[in-house]
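For reference, the structure discussed in these notes is given below.
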Amino acid sequence: MPIEINLDVMMAKRKMSSNELADYVGITPANLSVLKTGKAKAIRFSTLEKICEALECQPGDILSFKDE
């Protein structure tokens with residue numbers, strides 16, 4: 001998949017656990033896991049906004065495009 005998810009990197013930088021982030025964003029840890037592993041087909045802007053708010057980052061810090 002040409003879109004890479006760098007959520008683990010940002011979570012590590014901010015020292016935030018998956019459960020903490022899932023609680024803050026309002027999604028289940030299982031759904032957060034789907035996002036982290038890159039298996040998600042889509043993400044709502046409202047979810048992305050909450051993730052960025054929690055991690056104090058920009059969407060580009062979490063998502064990147066890799067040309068294959």
Side-chain angles (χ1 to χ4, degrees):
M1 174 180 244
I3 301 293
E4 286 190 355
I5 311 296
N6 303 311
L7 193 51
D8 282 339
V9 174
M10 287 307 299
M11 289 172 60
K13 285 182 181 179
R14 302 298 191 250
K15 295 180 173 73
M16 186 174 283
S17 72
S18 292
N19 286 336
E20 288 174 315
L21 184 59
D23 286 343
Y24 186 91
V25 174
I27 60 176
T28 65
N31 283 340
L32 183 61
S33 178
V34 169
L35 285 173
K36 286 177 21 179
T37 58
K39 294 179 182 177
K41 298 294 181 193
I43 183 170
R44 292 178 186 217
F45 282 135
S46 59
T47 302
L48 183 58
E49 180 181 345
K50 291 292 268 183
I51 290 171
C52 289
E53 186 179 293
L55 297 175
E56 298 176 354
C57 66
Q58 295 295 313
D61 296 327
I62 298 170
L63 305 171
S64 61
F65 176 77
K66 298 293 180 190
D67 195 11
E68 294 182 323

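Because only heavy atoms are used, hydrogens play no part in the values below, and waters and symmetry mates are left out as well, while side chains stay in. Sequence positions, counted from 1, serve as the residue numbers for this chain.
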> Who passes salt bridge (charged side-chain N to carboxylate O under 4.0 Å, His left out) against D8, sequence neighbours left out?
Replying inline: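 Result, salt bridge (charged side-chain N to carboxylate O under 4.0 Å, His left out) vs D8: K36.
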Please report the shortest heavy-atom distance between [X] and [Y], naming the atom on each side.
X	Y	value
I51	I43	CD1-CD1, 4.2 Å
R14	E56	NH2-O, 2.8 Å
P59	C52	N-SG, 3.5 Å
S17	M11	C-CE, 3.6 Å
L35	A42	CD2-O, 4.5 Å
Y24	E53	OH-OE2, 2.5 Å

> Does the side-chain contact (heavy atoms from CB on, under 4.5 Å) test come out yes or no for V25 and L32, once each step is laid out?
Replying inline: CA-CA 9 Å; V25 174; L32 183 61; over 6 Å; no
>> Please determine whether residues V34 and I3 belong to a single hydrophobic cluster, defined as Ile, Leu, Val, Met, Phe, Trp and Tyr linked transitively by side-chain heavy-atom distances below 4.5 Å.
In response: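 No, no single cluster joins them.
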> Same cluster for V9 and L21 if Ile/Leu/Val/Met/Phe/Trp/Tyr side chains link at under 4.5 Å?
Replying inline: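 Result: no, two separate clusters.
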> Any side-chain heavy-atom pair from D67 and P2 closer than 4.5 angstrom?
Replying inline: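 They are not in side-chain contact.
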> Are N6 and L63 side-chain neighbours, meaning at least one heavy-atom pair lies under 4.5 Å?
Replying inline: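 The answer is no; the side chains never approach within 4.5 Å.
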> Counting N and O atoms only, with roles assigned by atom type, does the side chain of T37 sit under 3.5 Å from a partner on the main chain of S33, one being a donor and the other an acceptor?
Replying inline: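 Side chain of T37 to backbone of S33, a donor-acceptor pair under 3.5 Å: yes, one is there.
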>> Checking the side chain of D61 only, and the main-chain atoms of Q58 only, is there a donor and an acceptor separated by less than 3.5 Å?
In response: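 Present.
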>> Just checking F65: does its CZ atom have more than 12 heavy atoms from other residues, nucleotides or ligands closer to it than 6.0 angstrom?
In response: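 Yes.
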>> Under the rule for side chain to side chain donor-acceptor pair (under 3.5 Å), what residues qualify as partners of S46, not counting sequence neighbours?
In response: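 Counting only residues at least two positions away or on another chain, S46 forms no side chain to side chain donor-acceptor pair (under 3.5 Å).
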